[in-house]
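What follows is a single structure, written as structure tokens, with notes after it.
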Amino acid sequence: MSELKLQHLDKIYDNKVQAVFDFNLDVKDGELIVLVGPSGCGKSTTLRMVAGLEDISAGKLIIDGRDVTQMPPKDRDIAMVFQDYALYGHMTIYENMAFSLMLRKEDKNKIHQKVMAAAEILDLTDQLNKKPNQLSGGQRQRVAMGRAIVRTPKVFLFDEPLSNLDAKLRGATRREILLLHKRLKATMLYVTHDQTEALTLADRIVCMSMGHVQQIGTPLELYDTPANIFVASFIGLPPINLFDVEIKDGQAVCEDFVLDLSDREKEMLAGYVNKTVVLGVRPEDIVQGGNIPVKVFNNENLGQTTLVSGSMKKHKVTCKFREWCSYKAGDTVNVSFKKKHFFDKETTNAISRN
């Protein structure tokens, strides 16, 4: 497999609308990178520039040390898996998987060996004589992946491949993609708007918003040390709770509560005394027991955890307790914050990163 380098990529359309701004990324050989963000953030456009389906307005694209910026898609040695499968309905599964190799006029015996090897990897051996309309959505997506595997490309590209599947099939196919990556040791670039896919699949995540890269890091880095409010809010379910607090006299003061700051937090926030910052607390970092009262709106039991929605004096809050709870609407639960994130109110950047 190969390394992939995206250097200062821009995408500007003819109507002067810019979809991607100065995108930089080095993908290591065999790494699985996930591009994640809301609709319209530029992630699919970036993938299509790598594939050659969109022209690159500025910057360079390097695959395996070769500048392919101006090369047509067929010469880039990449394979792309689309969300709509893009299978030929009149062909059998075997013919669909072999089609690109037949176009390249490869030896028939080699084609057969490659198709059968891919079919075994993807558990499609018994489906090869069927037509696509005879398969489930999950099986058709596996065929699309098999068609990419037989080409043994330098880079695999996935454009929201699970978005057409139901929740159960998404989970199963996600696990298959992860096993496929480990087995092939393939270089993969994967686009999704689903943070669960990003967190469970990625070696590293690229979080995007409005055409700009917001943060690149491991799933744990984006969850545990988000670079800004956008990343903190986008990564994590339920979303992070945000409060405006004023820093004064070793405390973070909100209209709903007053928090004593640790020595580390005092040092980190030394430049913000008598200023307002944004405090972020993930629902799972709110624990029962403390001096902050929350009036319960709703109690949702999820097995080993419970989601409790409620309000303080002014702010609504979501708590994710690590036990089974049975609160009723109108009950009051006293809580405390186990871990806190602080953000600059003007720049929205994490203060710990400044």
Side-chain angles (χ1 to χ4, degrees), residues 36 194-196 198-200 202 205 207 214-215 217-248 250-269 272 276-327 331-345 347-354:
V36 69
D194 186 332
Q195 61 162 290
T196 300
L199 291 169
T200 54
I205 294 173
C207 187
Q214 300 296 313
Q215 187 175 356
T218 65
L220 181 59
E221 285 171 343
L222 267 69
Y223 173 83
D224 214 31
T225 54
N228 53 43
I229 289 176
F230 175 83
V231 176
S233 299
F234 192 83
I235 300 294
L237 280 175
I240 196 168
N241 299 286
L242 298 172
F243 312 92
D244 284 350
V245 297
E246 187 177 359
I247 305 304
K248 55 171 65 174
Q251 294 179 319
V253 180
C254 174
E255 52 195 344
D256 288 346
F257 51 79
V258 176
L259 300 176
D260 291 326
L261 299 175
S262 67
D263 290 340
R264 178 182 174 277
E265 290 167 342
K266 290 175 187 176
E267 181 180 352
M268 184 175 70
L269 296 165
Y272 290 87
T276 297
V277 302
V278 178
L279 165 67
V281 184
R282 295 200 179 279
E284 49 271 35
D285 288 327
I286 301 177
V287 296
Q288 298 178 84
N291 58 2
I292 304 174
V294 174
K295 185 176 180 180
V296 175
F297 292 158
N298 194 37
N299 185 100
E300 298 176 73
N301 296 115
L302 303 174
Q304 292 184 334
T305 60
T306 304
L307 287 184
V308 174
S309 303
S311 69
M312 299 173 180
K313 296 174 184 176
K314 299 287 186 181
H315 293 86
K316 292 182 179 178
V317 64
T318 301
C319 313
K320 188 175 183 179
F321 298 137
R322 300 178 186 274
E323 53 264 313
W324 185 281
C325 302
S326 301
Y327 295 112
D331 285 351
T332 296
V333 54
N334 291 317
V335 303
S336 57
F337 300 154
K338 187 171 65 173
K339 181 173 181 177
K340 304 180 283 293
H341 303 267
F342 293 95
F343 304 93
D344 187 293
K345 188 170 174 62
T347 68
T348 77
N349 291 331
I351 292 174
S352 59
R353 289 175 170 261
N354 291 351

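Source: prediction; values computed, not measured.
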Would you call [X] and [Y] a side-chain contact if the rule is heavy atoms closer than 4.5 Å?
| X | Y | result |
| --- | --- | --- |
| L222 | C207 | yes |
| I286 | F337 | yes |
| T348 | F230 | no |
| Y272 | F342 | no |
| L199 | I205 | yes |
| D256 | I292 | no |
| E255 | H315 | yes |
| F243 | L259 | no |

Atom [atom1] of [X] and atom [atom2] of [Y]: how far apart are they, to the nearest 0.5 Å?
| X | Y | atom1 | atom2 | answer |
| --- | --- | --- | --- | --- |
| M268 | I247 | CE | CD1 | 8.5 Å |
| R282 | K338 | CZ | NZ | 12.5 Å |
| E221 | Y223 | CD | OH | 14.5 Å |
| L269 | Q251 | CG | CD | 13.0 Å |

side-chain contact (heavy atoms from CB on, under 4.5 Å) filter on D331, not counting sequence neighbours, yields V296, Y327, K328
Residues at least two apart in sequence or cross-chain that pass side-chain contact (heavy atoms from CB on, under 4.5 Å) with P283, listed by chain then number, are P238, N241, T318, K320
**Asked** Does E246 pair with K248 as a salt bridge, N-O distance under 4.0 Å?
**Response** yes
Are the side chain of [X] and the backbone of [Y] linked by a donor-acceptor contact shorter than 3.5 Å?
| X | Y | value |
| --- | --- | --- |
| Q288 | V333 | no |
| N301 | C325 | yes |
| Q215 | N228 | no |

The single option from I351, I229, I240 that satisfies side-chain contact (heavy atoms from CB on, under 4.5 Å) with H341 is I240
* Is the NZ atom of K345 crowded by more than 12 outside heavy atoms at less than 6.0 Å? -> no
| said: Does atom CD (E323) have a neighbourhood of more than 12 heavy atoms from anything else shown, all under 6.0 Å? | reply: yes
* To do: Walk me through it: do V317 and V335 pass the test side chain to side chain contact (heavy atoms under 4.5 Å, CB included)?
  => CA-CA 11 Å; V317 64; V335 303; over 6 Å; no
Sorted by chain and number, sequence neighbours left out, side-chain hydrogen bond (donor to acceptor under 3.5 Å, both in side chains) with K339 holds for D224
task = Carefully, step by step, assess D344 and V277 under the rule side chain to side chain contact (heavy atoms under 4.5 Å, CB included).
result = CA-CA 5 Å; D344 187 293; V277 302; over 6 Å; no
